[in-house]
Number of protein chains: 2
Amino acid sequence: MPTIGFETHDHHACVSDAMAKAEARCAASDLRLTPVRRRVLELLLAEHRALGAYDILGHLSAEGLGTQPPVAYRALDFLVKAGFAHRVEALNAYIACTHLGADHAPAFLICRNCRSVAESNTALTQGRLGDAARAAGFQIEHTVVEAQGLCPACQTGDAA
Amino acid sequence: MPTIGFETHDHHACVSDAMAKAEARCAASDLRLTPVRRRVLELLLAEHRALGAYDILGHLSAEGLGTQPPVAYRALDFLVKAGFAHRVEALNAYIACTHLGADHAPAFLICRNCRSVAESNTALTQGRLGDAARAAGFQIEHTVVEAQGLCPACQTGDAA
DNA sequence: CCAAGATTGTTATAATATAACTCTTGTTAG
DNA sequence: CTAACAAGAGTTATATTATAACAATCTTGG
Ligand SMILES: [Zn+2]
Ligand SMILES: [Zn+2]
Ligand SMILES: [Zn+2]
Ligand SMILES: [Zn+2]
């Protein structure tokens with residue numbers, strides 16, 4: 001029972017849906033979903049977990065798609081800039097976006113045990129930090145909101 | 001005019017006050033503020049900016065307090081665990097806590113231009129992410145909330 | 001075809017972080 | 001007092017994450 005994003009779901013549909021949306025957006029926005037970029041997005045989508053750049057590179061290299069770090073980093077940069085993936089700062093890792101298409105400020109629930117990640121939304125500019133920013137005259141461009149802890153599956157039979 | 005935490009203030013008092021509180025807390029909690037740890041805290045307090053571990057190590061080494069990475073990392077680990085400093089995930093850097101003594105979930109406003117950082121508070125478990133976490137059965141242990149953008153000083157005469 | 005720009009290949013290196021072992025020092029049980 | 005222990009600091013080596021720089025190739029419009 002692979003809990004994914006902490007909930008069971010039709011993951012096959014989830015993946016193909018996301019790939020279709022990504023392709024549509026590339027076609028619409030004149031972005032190029034090249035083989036390496038496509039494969040990296042597939043790898044990220046395959047698991048609702050954060051993967052490091054070198055995890056990705058390992059897969060790519062096993063599949064003959066590239067052996068050097070810049071290959072992975074460039075693909076990840078593209079996906080992040082295009083909004084198809086997010087960088088998880090607290091893990092120095094990357095994860096596929098689960099709200100493809102929507103313009104959103106992502107927030108993550110990160111399991112410290114199994115590294116599974118659920119993506120939620122935030123409206124930070126509306127909360128207390130937004131107030132503080134406005135009061136200070138600080139202009140927010142990007143937000144990082146990451147909660148770390150234990151996912152439901154890892155709370156029982158723990159691994160503290 | 002060194003805007004500090006985005007506001008001018010009596011920084012000399014700010015630093016000595018923080019050092020006094022840290023010493024008091026160490027005495028009360030049986031923590032040892034050794035020379036290296038004390039000096040690293042002073043270095044972090046001196047600027048309301050995030051400093052990398054190797055920035056710190058540079059100062060330490062210039063002062064004969066240690067030349068190898070573990071010296072800096074151990075001191076920083078101590079300060080973070082003791083609550084005297086925070087790690088800024090988005091910068092892989094460290095900053096002195098400006099709410100010493102209070103048990104708090106820090107949130108940061110980070111200028112991408114001058115790396116100055118203002119510390120605010122968050123109550124993430126009460127907001128939308130907290131709701132999502134409860135709904136998913138996710139147990140939050142630690143939160144990372146970092147807003148990146150431009151501080152007041154860097155908005156004029158910019159450096160986009 | 002050709003030029004311009006985007007993408008990829010490749011080498012090398014930078015920046016961040018930790019493992020593991022030693023040595024010193026200070027505390028304390030006996 | 002002194003052996004035993006624990007915490008801290010010194011040191012070496014290495015792991016992990018990330019980027020600079022330049023050459024080669026592909027893509028697309030003219
Ligand atoms: Zn899925
Ligand atoms: Zn888990
Ligand atoms: Zn100050
Ligand atoms: Zn600034």
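Reckoned from all heavy atoms, side chains included, excluding hydrogens, waters and symmetry mates.
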Exercise for the section: Compare side-chain N and O positions of A/Thr34 against OP1 and OP2 of C/dT8 and report whether any pair is under 4.0 Å apart. Expected result: yes
Handout entry: B/Tyr73 side-chain proximity, nearest of C/dT8, C/dA17, C/dA19
Key = C/dA17
Handout entry: B/Arg37 side chain reached by B/Arg32 side chain, heavy atoms, under 4.5 Å
Key = yes
Exercise for the section: Select from A/Ala53 and B/Leu31 the residue whose nearest nucleotide in DNA chain D is closer to the 5' end of that strand. Expected result: B/Leu31
Completion exercise
From CG of B/Asn92 across to C1' of D/dT16 the rounded distance in Å is 11 Å
Completion exercise
Separation of D/dA9 atom C1' from B/Arg32 atom CZ, nearest Å, is 10 Å
Practice task
For A/Phe78, answer base if it contacts any base atom (sugar-phosphate contacts may also be present), sugar-phosphate if it contacts only those atoms, and nothing otherwise; contact means non-hydrogen atoms under 4.0 Å.
Solution key: nothing
Problem - Whole-Å distance separating the CZ atom of A/Arg39 from the P atom of C/dT7 - result: 21 Å
Handout entry: Ring-on-base stacking D/dT16 with A/Tyr54 (under 5.5 Å, under 30°)
Key = no
Fill in the blank from the handout: Which of A/Val88, A/Leu150, A/Ile95 passes side chain to side chain contact (heavy atoms under 4.5 Å, CB included) with A/Ile110? Answer is A/Val88
Handout entry: Along DNA chain C (nearest heavy atom to each residue), the more 5'-positioned of A/Pro70 and B/Gly52
Key = A/Pro70
Practice task
Report the distance from atom CZ of A/Arg74 to atom C1' of D/dA23, rounded to the nearest whole Å.
Solution key: 11 Å
Practice task
Report the distance from atom CD of A/Gln68 to atom C1' of D/dT17, rounded to the nearest whole Å.
Solution key: 15 Å
Fill in the blank from the handout: From CG of B/Asp77 across to P of D/dA7 the rounded distance in Å is 16 Å
Exercise for the section: Look at the side-chain N and O atoms of B/Arg87 and state whether any lies under 4.0 Å from the OP1 or OP2 oxygen of C/dA17. Expected result: yes
Practice task
To the nearest Å, give me how far apart CZ (B/Arg37) and C1' (D/dG10) are.
Solution key: 15 Å
Handout entry: Check: A/Leu57 and A/Pro69 side chains under 4.5 Å, non-hydrogen atoms
Key = yes
Exercise for the section: To the nearest Å, give me how far apart CG (A/Leu57) and C1' (C/dT10) are. Expected result: 13 Å
Problem - Exam field: side chain A/Asp77 to backbone A/Arg74, donor-acceptor pair closer than 3.5 Å - result: no
Exercise for the section: Over 60° means perpendicular and under 30° means parallel, so classify the ring planes of B/Phe84 and B/Phe78, tilted if in between. Expected result: perpendicular
